[in-house]
Amino acid sequence: MGAPWVKKYSPEKIGDVIAQDSQMAVLKIFIENFKQQKKKAILIHGPSGCGKTSSVYAVGNELGMEMVEMNASDFRNKEQINSIVGAASQQMSLFGGSKLILIDELDGIAGRQDYGGIPALVKVIVDSKFPVIITANNPYNNKFSSIRNKSELLQFKELEAEDVFEILKRVCKKEKIKYDEDSLKMLARRAGGDARGAVNDLEIIATLGEGISKKAVDELSERNKTDTIINALLKIFKTKDPLIAVSAFDNVEEDFDQRMFWLDENLPKEYTNPKDLARAYDNLSRADVFKGRIRRWQHWRFLSYVSNLMTAGVAVSKDKKNKNFVQYKPTGRILKMWWAKQKNMKKKAIAAKIAEKTHTSSKQILKNIEYFKVIFQNNEEMAEKIADDLDLNQEEVDWLKK
């Protein structure tokens with residue numbers, strides 16, 4: 001059995017990487033001029049399937065460098081990290097060449113199994129004799145602040161459907177697969193910018209041996225369909241069976257906060273009986289209490305309570321099901337607040353750096369951040385000096401200049 005297509009057709013050189021030309025140029029320059037770089041790591045971030053990991057292999061292959069890879073999702077604690085990349089970051093390769101140290105999927109190290117993992121990674125970065133490349137979907141988790149401070153940030157953009165289509169078309173030609181162009185474009189669109197997922201889907205369809213058609217794409221989509229939040233709400237609101245309700249969110253990508261926002265917004269529309277609504281909100285509020293205890297005390301055993309109260313607890317709160325059709329919608333004010341918080345993470349990271357250097361609070365800096373933006377937008381010489389003093393990376397400088 002041959003290698004999976006995502007591996008078989010991974011970019012072999014920089015020119016093979018789709019839609020990330022400027023990012024690849026920055027990455028190559030960083031690696032080639034590593035000894036002159038102020039920071040020894042570059043943190044590549046962007047959505048899943050946009051080419052972060054494959055790009056590192058492409059540039060490493062083109063420059064003839066040995067790759068040392070560690071997936072942060074699998075190796076989280078200090079001992080594991082040191083055993084995989086600690087020694088490798090100090091020793092030359094077997095043939096005397098240079099190395100690339102790849103720490104993939106940094107997001108995976110933020111879980112409860114993180115025992116000294118972050119400090120160990122920071123030490124690897126500081127002591128490494130070779131370039132360290134880190135990949136992450138979201139680098140602005142508070143846990144990663146020490147890694148951000150030691151790294152240059154490089155954002156990979158989300159792939160357009162046309163970009164994914166070009167990748168799929170290349171694979172089809174190399175595998176001599178017959179395809180209908182409209183159907184291949186439909187497969188590309190359904191991937192949502194995830195090239196890796198699209199190539200996996202293409203390989204599954206190709207095994208049927210009938211080429212790429214609209215029918216094949218539709219059948220695959222139906223089989224692999226991830227439950228939407230709407231389907232999950234239907235399982236909770238339209239049943240009184242706790243066994244059905246408790247599995248409602250099993251295949252839903254939204255996190256616990258977002259699930260709670262959806263439930264909170266749509267409960268009053270679905271549960272029209274005041275007693276049903278009161279019981280449902282009582283269970284939802286208890287779930288929120290346990291969620292708060294997890295965050296405060298890291299008591300992860302409460303996670304099952306949160307899940308059960310949000311699903312089965314809400315489902316059994318009603319005396320009878322509402323037979324009317326209800327159009328579920330995302331919450332307005334609360335969800336907007338949540339998204340605003342996500343967008344503010346970069347702003348807070350910059351404020352934390354300024355606060356540390358100026359011996360003041362991050363809260364105070366956030367109030368006065370506009371003064372710094374004015375400086376960066378109008379006085380390039382002063383901005384450059386401040387950026388150097390505060391150890392700001394290029395992405396943070398660009399944000400202040402907007």
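On a predicted model such as this, the values are computed, not experimentally measured, just so you know.
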*Can you list the steps and then say if Asp288 with Lys291 is a side chain to side chain contact (heavy atoms under 4.5 Å, CB included)?*
CA-CA 5 Å; Asp288 194 44; Lys291 190 155 61 72; 3.4 Å; yes

*Taking only Lys NZ, Arg NE, NH1 and NH2, and the carboxylate oxygens of Asp or Glu, determine whether Glu181 and Lys185 approach each other closer than 4.0 Å.*
yes

*So, Asn322 side chain and Glu270 main chain: donor-acceptor pair closer than 3.5 Å or not?*
yes

*Taking atom CG of Asn378 as the centre, does the number of heavy atoms from other residues, nucleotides or ligands within less than 6.0 Å exceed 12?*
yes

*Enclosure of Glu381 CD (heavy-atom neighbours >12, cutoff 6.0 Å)*: no

*Take atom NZ in Lys269; do more than 12 heavy atoms of anything else shown fall under 6.0 Å from it?*
yes

*Side chain to side chain, Phe290 and Arg301, heavy atoms closer than 4.5 Å*: no

*Going by heavy atoms in the side chains, are Phe256 and Leu303 under 4.5 Å from each other?*
yes

*For atom CE of Met382, is the number of surrounding heavy atoms from other residues, nucleotides or ligands below 6.0 Å larger than 12?*
no

*Could you tell me whether the side chains of Asp398 and Gln394 share a donor-acceptor contact shorter than 3.5 Å?*
yes

*Nearest 0.5 Å please: distance from the CZ atom of Arg148 over to the NE2 atom of His45.*
10.0 Å

*Please report the shortest heavy-atom distance between Ala245 and Ile236, naming the atom on each side.*
O-CG1, 4.2 Å

*Check the surroundings of atom NZ in Lys39: do more than 12 heavy atoms from other residues, nucleotides or ligands lie under 6.0 Å from it?*
yes

*Student check: side-chain heavy atoms of Ile134 and Lys150 closer than 4.5 Å*: no

*Taking Asn283 for the side chain and Ala280 for the main chain, is one N or O donor matched with an acceptor at less than 3.5 Å?*
no

_Can you tell whether the side chains of Lys169 and Glu166 come within less than 4.0 Å, N to carboxylate O?_
yes

*Under the 3.5 angstrom rule, does the side chain of Lys40 hit a backbone N or O of Val126 as a donor-acceptor pair?*
yes

*Take atom CD in Glu356; do more than 12 heavy atoms of anything else shown fall under 6.0 Å from it?*
no

*asked:* Can a donor-acceptor pair be found, under 3.5 Å and without considering hydrogens, that links the side chain of Asp180 to the backbone of Ser183?
replied: yes

*Closest heavy-atom pair and its distance - Ser48, Arg196*: CB-NH2, 4.1 Å

*Using atom types as modelled and distance alone, determine if a side-chain donor or acceptor of Tyr271 lies under 3.5 Å from a backbone N or O of Tyr281.*
no

*Within a reach of under 6.0 Å around NZ of Lys35, are more than 12 heavy atoms found that belong to other residues, nucleotides or ligands?*
no

*Evaluate the side-chain proximity of Ser151 to Ile125: yes if any heavy-atom separation is below 4.5 Å, no if none is.*
yes

_Donor-acceptor pair, side chain of Lys238 and main chain of Leu233, under 3.5 angstrom_ = no

*Hey, does the side chain of Asp388 reach the backbone of Glu384 with a donor-acceptor pair shorter than 3.5 angstrom?*
no

*Looking only at atom types and distance, does a side-chain atom of Arg170 sit under 3.5 Å from a main-chain N or O of Asp16, one as donor and one as acceptor?*
yes

*Quick one: are Val26 and Gln23 in side-chain contact, heavy atoms under 4.5 Å?*
no

*Would Lys357 and Asp391 pass as an ion pair if we require N to O under 4.0 Å?*
no

_Closest contact, heavy atoms only, Ser128 versus Phe34_ = O-CZ, 4.1 Å

Using atom types as modelled, flag every donor-acceptor pair under 3.5 Å from a side chain in residues 49-65 to any protein atom, sequence neighbours excluded.
{"unit_1": "Lys52", "atom_1": "NZ", "unit_2": "Gly46", "atom_2": "O", "d": "3.0"}
{"unit_1": "Lys52", "atom_1": "NZ", "unit_2": "Pro47", "atom_2": "O", "d": "3.0"}
{"unit_1": "Lys52", "atom_1": "NZ", "unit_2": "Asn137", "atom_2": "OD1", "d": "3.3"}
{"unit_1": "Thr53", "atom_1": "OG1", "unit_2": "Asp104", "atom_2": "OD1", "d": "2.7"}
{"unit_1": "Thr53", "atom_1": "OG1", "unit_2": "Asp104", "atom_2": "OD2", "d": "3.1"}
{"unit_1": "Ser54", "atom_1": "OG", "unit_2": "Gly51", "atom_2": "O", "d": "3.4"}
{"unit_1": "Ser55", "atom_1": "OG", "unit_2": "Gly51", "atom_2": "O", "d": "2.4"}
{"unit_1": "Tyr57", "atom_1": "OH", "unit_2": "Glu69", "atom_2": "OE1", "d": "2.2"}
{"unit_1": "Asn61", "atom_1": "ND2", "unit_2": "Glu12", "atom_2": "O", "d": "2.7"}
{"unit_1": "Glu62", "atom_1": "OE1", "unit_2": "Ile14", "atom_2": "N", "d": "2.8"}

_Give me the atom names and distance for the closest heavy-atom approach of Ala191 to Ala198._
CB-CB, 3.6 Å

*Please tell me if the side chains of Lys173 and Tyr179 come closer than 4.5 Å, counting only heavy atoms from C-beta onward.*
yes

*Does Ser307 use its side chain to pair, donor to acceptor, with the backbone of Ser304 at less than 3.5 Å?*
no

*Taking all atoms of both residues into account, what is the closest heavy-atom pair of Cys172 and Leu184, and its distance?*
SG-CD1, 4.0 Å

*Enclosure of Phe302 CZ (heavy-atom neighbours >12, cutoff 6.0 Å)*: yes

*Given side chain to side chain contact (heavy atoms under 4.5 Å, CB included), test Leu400 with Leu392 step by step and report yes or no.*
CA-CA 10 Å; Leu400 287 166; Leu392 299 178; 3.7 Å; yes

*Chi angles and distances behind the side chain to side chain contact (heavy atoms under 4.5 Å, CB included) call for Phe156, Thr135*: CA-CA 10 Å; Phe156 271 41; Thr135 69; over 6 Å; no

*asked:* Can you classify the ring geometry of Trp297 versus His299 as parallel (below 30°), tilted (30 to 60°) or perpendicular (above 60°)?
replied: tilted

*Could you tell me whether Glu175 and Lys8 make a salt bridge, using a distance below 4.0 angstrom between a side-chain N and a carboxylate O?*
yes

*Does a side-chain heavy-atom distance below 4.5 Å link Trp399 with Ile369?*
yes

*Verdict with supporting geometry, Lys320 and Asn273, side chain to side chain contact (heavy atoms under 4.5 Å, CB included)*: CA-CA 9 Å; Lys320 57 182 179 180; Asn273 183 315; over 6 Å; no

_Side-chain heavy atoms of Phe130 within contact of Leu100, under 4.5 Å_ = no

*Whether Glu395 side chain and Glu152 backbone form a donor-acceptor pair below 3.5 Å*: no

*Closest approach of Phe144 and Leu106, non-hydrogen atoms and distance?*
CZ-O, 3.5 Å

